[in-house]
Amino acid sequence: MEFRPLATESPYAWRIAPQGRMRVPAIIYADHMLIEAMDHKVFKQLSNVASLPGIQQAAYAMPDAHWGYGFPIGGVAAFDPDEGGVVSGGGVGFDISCGVRTLHTGLTLDQLRPHKKALADLLAVAIPAGLGSTGTIKLTHREMDQMLIGGAAWAVQQGYGSEADLLRTEEHGCMAGANPADVSEKAKERQRREMGTLGSGNHYLEVQLVAQVYDAETAAAFDLREGEIVISIHCGSRGLGHQIGTEFLKFMATKAKDHGIWLPDRELACAPIESKLGQSYLGAMRAGINCALANRQILTHLTREVCDDVLPGTQLTLLYDVSHNTCKRETHRIDGKEKQLFVHRKGATLALGPGHPDLPDGLREVGQPVIIGGSMGTESYILAGVKESEKLAFSSACHGAGRAMSRHQATKRWHGRNVIKELETRGILIRSPSLRGVAEEAPGAYKDVSRVVDVAHQAGLSRKVARLEPLICVKG
DNA sequence: ATGTCC
């Protein structure tokens with residue numbers, strides 16, 4: 001069967017009509033060039049997702065979509081538990097609650113410039129990065145369970161930040177419904193020394209310049225001004241999330257037949273939301289969300305300490321913290337009827353429009369900050385959630401540039417040392433323990449994030465507010 | 001993404 005997306009009335013939306021066992025259509029948000037360049041495996045994977053039990057409305061792909069484990073990365077799918085809807089480990093991904101937070105520094109480029117190198121060097125020392133990196137914090141069993149229940153709120157109680165940070169964190173920094181008992185001892189053991197660490201791959205801590213504001217009013221509400229410095233942290237739940245993903249994918253694949261679920265692809269392993277296994281995954285996955293929130297909160301604390309050393313008196317305040325690998329229970333209208341759905345976003349950012357009750361004062365009027373992380377050496381974007389994306393993709397937007405080339409291909413094409421040198425001539429300081437990692441993350445291995453963001457804007461998924469240019473990048 | 005296969 002050929003799963004070919006066809007043009008719709010919108011130049012930024014493409015549709016695969018239901019065929020075979022698909023229960024709903026698949027919709028891909030892209031322009032002509034992005035859809036032409038998109039890996040055909042995305043269309044197949046999205047069509048597979050569209051055939052899962054209880055799926056609502058359509059399976060969606062964001063403009064940065066690329067092939068992933070089971071679900072495409074950049075995929076959004078919502079399921080109704082009352083219609084046999086499922087929850088899928090592959091629909092969340094291995095890096096549970098990977099996300100980005102952006103912090104204001106209140107500094108201008110002129111204030112930063114004389115201290116830039118020192119800041120890069122000290123951040124590289126203070127922020128543990130790389131595969132298997134560990135920090136100075138070692139949690140006891142009791143602390144681990146408290147962290148898995150409390151998330152960033154737990155981290156703040158431990159002295160890593162303030163209540164103000166929690167107001168600007170999705171779910172107020174604490175995901176309800178987490179159950180540490182659903183997380184294996186092995187997953188907890190892996191995480192014991194990994195709190196406050198960045199990890200590897202596309203994770204980073206970046207010092208950025210607000211290079212351009214597109215929407216002055218919203219930028220003012222977000223406290224973003226051209227010429228000012230911000231810091232963005234992109235990471236997730238480290239070994240714990242990965243272990244949860246690995247274990248539950250195995251359980252879900254084994255149990256699928258007992259649950260009467262036909263799997264178009266073994267990687268799409270899932271369980272009914274109402275089943276024991278489904279509930280157990282949700283308890284563990286929500287604990288994973290809290291782990292990621294706590295991790296980014298601790299990294300924020302470490303960053304504050306460094307900034308205060310290099311530029312005494314600097315105050316880092318949080319613009320927003322939002323995840324892009326989750327499954328969340330949300331209220332949505334389907335055919336005019338309000339329903340409680342379980343929305344999977346894998347490599348797709350939550351993007352709540354103006355007026356949404358989950359947004360805090362000061363943001364509710366303008367919409368949620370949607371943080372789109374670029375790849376190393378490229379620009380990032382701050383967007384704002386819009387109301388119409390509720391109908392278009394359950395209030396979701398793209399999450400980054402999206403890979404255009406495999407890691408293996410990238411290492412054959414670039415050398416880490418040359419990539420660092422090249423970026424340095426453009427004034428971008430890279431600090432990484434892994435030259436191979438740097439080669440894998442070479443800017444050329446990714447799609448053009450500006451095009452992806454323009455399409456997200458044009459398609460009505462979110463609207464552009466500001467562009468950020470990198471100055472310092474601490475990589476895993 | 002990931003102690004890149006306990």
Side-chain angles (χ1 to χ4, degrees), chain A residues 45 62 64-75 88-100 128-135 137-139 144 183-205 233-250 253 267 269 281 284-285 287-289 291-293 295-296 299 322-327 344-349 373 375-376 399-412 416 432-441 445-446 474-476:
Chain A
Q45 289 192 320
M62 301 293 107
D64 53 338
H66 55 110
W67 171 78
Y69 186 95
F71 274 57
I73 295 159
S88 166
V92 173
F94 286 90
D95 190 8
I96 295 168
S97 200
C98 180
V100 193
L131 193 67
S133 53
T134 52
I137 300 161
K138 188 174 173 187
L139 299 186
M144 176 64 68
V183 180
S184 72
E185 282 310 313
K186 189 173 177 182
K188 293 175 187 174
E189 189 54 41
R190 276 183 73 169
Q191 193 59 30
R192 274 188 88 185
R193 292 172 58 85
E194 289 193 347
M195 294 310 294
T197 67
L198 208 49
S200 68
N202 65 358
H203 292 167
Y204 59 75
L205 183 149
I233 300 171
H234 177 206
C235 65
S237 53
R238 305 285 289 106
L240 181 122
H242 189 267
Q243 190 63 34
I244 292 170
T246 305
E247 290 169 8
F248 275 93
L249 273 163
K250 209 186 286 171
E267 290 188 359
Y281 175 71
M285 188 268 308
I289 291 179
C291 176
L293 295 175
N295 193 29
R296 290 196 286 275
L299 284 164
V322 62
S323 298
H324 49 236
N325 284 356
T326 57
C327 176
H344 296 67
R345 293 187 185 82
K346 181 189 191 182
T349 305
S375 50
M376 182 182 63
H399 83 308
R403 287 202 82 88
M405 193 184 286
S406 74
R407 294 186 174 278
H408 183 70
Q409 275 177 296
T411 53
K412 288 209 280 196
S432 172
S434 166
L435 285 174
R436 184 173 131 192
V438 170
E440 288 178 355
E441 292 292 319
Y446 280 82
V474 178
K475 285 292 292 184

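Lettering of chains follows the sequences in order, A, B, ..., and the numbering in each one begins at 1. Quick note: numbers below take in every heavy atom, side chains included, and nothing from hydrogens, waters or symmetry partners.
The OH-C1' distance, from A:Y69 to B:dT2, rounds to 13 Å in whole Å. Here the P atom of nucleotide B:dC5 and the CD atom of A:Q243 are 13 Å apart, to the nearest Å. Atom CZ in A:F248 sits about 18 Å away from atom C1' in B:dT2, given to the nearest Å. With rounding to whole Å, A:H242 atom NE2 is found 9 Å from B:dT4 atom P. The CZ atom of A:R436 sits 12 Å away from the C1' atom of B:dT2 (whole-angstrom rounding). For A:F94 and B:dC5, the CZ to C1' distance is 13 Å, given to the nearest whole Å. To the nearest angstrom, P of B:dC5 lies 11 Å from CG of A:L131. For A:H203 and B:dT4, the NE2 to P distance is 16 Å, given to the nearest whole Å.
Each of A:H234 and A:E440 lies near DNA chain B, and the nucleotide nearest A:H234 is the one positioned closer to the 5' end.
The phosphate of B:dT4 has neither OP1 nor OP2 within less than 4.0 Å of any side-chain N or O from A:S200.
Contact of the A:S432 side chain with the A:V474 side chain is not registered, since no non-hydrogen atoms from C-beta on lie closer than 4.5 Å.
Paired with A:S323 under the rule side chain to side chain donor-acceptor pair (under 3.5 Å), one option of A:H399, A:R345, A:R296 passes, and it is A:R296.
A:G245 comes within 4.0 angstrom of nothing in the nucleic acid, heavy atoms only. If you check every strand for non-hydrogen atoms under 4.0 Å, A:G93 touches nothing. Using a 4.0 Å heavy-atom cutoff across all strands shown, A:Q191 reaches no nucleic acid atom at all.
With sequence neighbours left out, A:R407 forms a salt bridge (Lys or Arg N to Asp or Glu O under 4.0 Å) with A:E440, A:E441. Scored by the side chain to side chain donor-acceptor pair (under 3.5 Å) test, A:S184 finds A:E247 as partners (sequence neighbours excluded).
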